[in-house]
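Worksheet for the structure shown next.
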Amino acid sequence: MLTDGEIQGVIDRVRGRVAAVEGRDRTGPALAAADELAASQAKLGDGIHPTIDAAVAAARRAFLAHGDKGLDSRRVIVNAIREAMHREGERLAYMAREETGIGRAEDKVVKNRLVTTRTPGPEDLEPQAVTGDEGMMVTEYAPYGVIGSITPTTNPTSTIINNSIAIVSAGNAATFNVHPSAKDVSVETIQVLNRTIVAAGGPPDLVTAIPMPTLDTARELMNHPDIAVLLVTGGPAVVREALRTPKKSITAGPGNPPAVVDQTADVEQAGRDIVRGGSFDNNLICTDEKTTIVVDTVADRLVNAMINAGAYRLKEHELKRLERVIFKELGPPDRPGAINPAWIGQDASNILAEIGVQADPAVRMIVAEVPRSHSLVWTEQMMPVMPVVRVNDLDAAISLAVASEHGFRHTASIHSTNVDAITRMARAMNCSIFVANGPNFAGLGENGEGFTSFSIASPTGEGLTRPRTFSRVRRVTVVGSLRIV
Ligand code: NAD
């Protein structure tokens, strides 16, 4: 989520650019803004256009050409995208870390590989046929047109790769308004995609964007008459904004995933899974474990298992210092606090150094035992800081998990060998993704079964988005014939 300060910064930069370009302001910041504008002009081409209007118009032309080329061409294009991203995914992951300053480059490589291999392609649109005494009915998946996609800073390249494969597979084109703090790597990703699509015989501009995205251009995209459907991936503000438009909006909003560990769990494995999952890309991913709730009788063993798996356990006075560093303000009991954005996605060892604890750089996660009312439990902090709450039994664990997830219905997990406990929690959470006995990234298909998505639409209910999500479902009925048996 952008903070008020960041939003003001974006507004100030745009005002500065306008003043500098119009020659009204010759001060240092205005000239820097003019330089930035000139640099952005140099990035035009290969899908990058100067304005949202131009980007949408180009995507609209590409959509029509894409339709003319037929289904086989889509298969060729998507295979070419996969090959290109196998080659380029690592470079783009390191670029994303460099530009955004958040997360772990090596984990971003994994994310890019995951979306490259596990995002479904045109095969997702297999038609369905029903035949009977009355004849035949076929269901087919038709494209919408140009999909307007808003992408986050937490997974900039993987969201663009994932959205592009799904949207193009379904026969659509896409115009992106990317996060301003990941604009360069996002532009680079979109240009690689365009060059790849054209080299594979597809039309130019099947995925487009602008070089200088802002909140205003995001709103322009959302309200553009030639955008058929919106796909929004981000925090609560952008989801609200999209749902205010009269368009069909597929919204992938925030989460605060709880991980419950009960007394029947393989506790050593649970400790390893929670550290691996909760520290993946320094906890930036919306699905990453953000709170651990453990039944008291196995709590000591679990925390020891987490330490053995690479976590550092905070002492009480260290927790007080940590609160002052990572929160601008702690929330009241059972409510989120205001996070200090400077620490989002930073390495555990750097956060520890800031509070005076010298730890091995290999430390992946900070563990803090806290009461259930603590802000760490209720805040989507996106840092490798794991609050652990002890409860008396499974009922208390599930009820805290439901409350602290805030009704986002995004992601939750349990470590248990009791199928009844797994079933009860899955029902109570009612989430898009529920994982039992693995790290949460298994629910994205990384070391788990199934396809992947980096836009998990919980507010609007589509769940893990896929080509079908970007398709109009159409039926043809033939009465009295075409049943051939
Ligand atoms: P963010 O909300 O700050 O930004 C996301 C995008 O929305 C950016 O492109 C930003 O420019 C735009 N935006 C933000 N506020 C806007 C407004 N008022 N009007 C128009 N556009 C606006 O989020 P972020 O920090 O980039 O990403 C982290 C958030 O996104 C977390 O809450 C995370 O849970 C969520 N997320 C969800 C999913 C999912 O699949 N459900 C995936 C990734 C991230």
Side-chain angles (χ1 to χ4, degrees), residues 1-11 13-14 52 96 99-103 108 111 115 119 148-160 162-163 166 175-183 185-186 209-210 212-223 230-245 249-257 280-290 336 339 341 344-345 379-383 405-406 408-411 431-433 440-441 443-444 452-466 469:
M1 251 183 302
L2 289 181
T3 61
D4 290 347
E6 285 166 332
I7 291 170
Q8 191 55 50
V10 171
I11 293 168
R13 280 207 303 282
V14 172
I52 286 288
E99 182 180 1
T100 62
I102 55 177
K108 291 184 187 294
K111 296 197 300 185
V115 292
T119 304
S149 174
I150 313 263
T151 55
T153 189
T154 46
N155 319 309
T157 54
S158 30
T159 307
I160 292 170
N162 167 260
N163 288 180
T175 298
F176 287 93
N177 196 85
V178 303
H179 197 292
S181 43
K183 65 179 183 326
V185 71
S186 300
I210 55 168
M212 300 267 263
T214 64
L215 295 185
D216 284 339
T217 58
R219 291 191 193 103
E220 204 184 327
L221 181 71
M222 287 188 200
N223 292 293
L230 291 174
L231 168 61
V232 164
T233 309
V238 69
V239 167
R240 268 196 308 275
E241 193 79 32
L243 293 176
R244 266 201 287 269
T245 73
S249 299
I250 299 161
T251 60
N256 193 35
F280 188 46
D281 208 14
N282 282 343
N283 202 267
L284 285 180
I285 310 179
C286 52
T287 53
D288 283 344
E289 292 85 341
K290 295 202 164 42
I339 276 297
I344 289 177
T379 313
E380 188 198 26
Q381 81 263 22
M382 296 188 284
M383 297 174 199
E405 212 264 333
H406 303 294
F408 292 141
R409 291 177 293 166
H410 193 301
T411 300
C431 281
S432 298
I433 299 180
N440 281 4
F441 55 65
L444 292 176
T452 202
S453 173
F454 267 57
S455 293
I456 299 132
S458 301
T460 45
E462 293 82 358
L464 286 94
T465 51
R466 58 198 293 181
T469 315

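Excluded from the calculations below are hydrogen atoms, water molecules and symmetry mates; all remaining heavy atoms, backbone and side chain alike, are included. Start at 1 and go down the list; that is how both ligands and their atoms are numbered.
Contact annotation: for Arg240 versus ligand 1, there are no heavy atoms closer than 4.0 Å. Of all the heavy atoms of Ser455, the ones lying under 4.0 Å from any atom of ligand 1 belong exclusively to the backbone. Of all the heavy atoms of Val232, none lies under 4.0 Å from any atom of ligand 1, so neither backbone nor side chain is involved. Under 4.0 angstrom from ligand 1, the non-hydrogen atoms of His179 come from both its backbone and its side chain.
Interface of Ala218 with ligand 1, defined as ligand atoms under 4.0 Å from a residue heavy atom, comprises 20 (C), 21 (N). The Gly255 neighbourhood of ligand 1 comprises atoms 34 (O), with distances under 4.0 Å to a heavy atom of that residue. Every atom of ligand 1 with a heavy atom of Glu380 under 4.0 Å away is listed here by number and element: 31 (C), 32 (O), 33 (C), 34 (O). Residue Cys286 approaches ligand 1 through these ligand atoms, each under 4.0 Å from one of its heavy atoms: 33 (C), 34 (O), 36 (N), 37 (C), 38 (C), 39 (C), 40 (O), 41 (N), 42 (C), 43 (C). The atoms of ligand 1 that sit less than 4.0 Å from any heavy atom of Thr153 are 25 (O), 26 (O). Using a 4.0 Å cut-off to heavy atoms of Val178, the atoms of ligand 1 that qualify are 9 (O).
Although no hydrogens or angles enter the test, the distance criterion places a donor-acceptor pair under 3.5 Å between the side chain of Thr214 and the main chain of Thr217. The backbone N or O of Thr119 lies less than 3.5 Å from no partner atom in the side chain of Thr452, so there is not a single donor-acceptor pair.
Side-chain contact between Asn177 and Ile210 is present, with at least one heavy-atom pair separated by less than 4.5 Å.
Nearest approach of Leu464 to Gly443, heavy atoms of both residues: CD2-O, 4.1 Å. Nearest approach of Asn163 to Ser149, heavy atoms of both residues: OD1-OG, 3.0 Å. When all heavy atoms of Thr153 and Ser181 are compared, the closest pair comes out as OG1-OG, 3.4 Å.
Summarising the contacts of atom 22 (C) of ligand 1 with Thr159, Thr154, Leu215, the nearest heavy atom is found in Leu215. One option in Pro254, Gly253, Ser149 has a heavy atom closer to atom 37 (C) of ligand 1 than any other, and that option is Gly253. Among Val238, Asn155, Asn177, the residue whose heavy atom lies nearest to atom 14 (C) of ligand 1 is Val238.
Note: no N/O pair closer than 3.5 Å links Met222 and ligand 1 by distance alone. At a 3.5 angstrom cut-off on N or O pairs, His410 counts as close to ligand 1. The shortest N or O to N or O distance between Pro152 and ligand 1 is not below 3.5 Å. Among the atoms of Thr233, none of the N or O lies under 3.5 angstrom from an N or O of ligand 1.
Interatomic distance, Glu99 CD to Thr157 OG1, rounded to the nearest 0.5 Å: 10.5 Å. The CZ atom of Phe408 sits 14.0 Å away from the CD1 atom of Ile456 when rounded to the nearest 0.5 Å. With rounding to the nearest 0.5 Å, the separation of NZ in Lys290 from CG in Asn283 is 4.0 Å. A distance of 9.0 Å separates CG in Leu231 from OG1 in Thr251, rounded to the nearest 0.5 Å.
A donor atom on one side chain and an acceptor atom on the other are found under 3.5 Å apart for Thr460 and Glu462.
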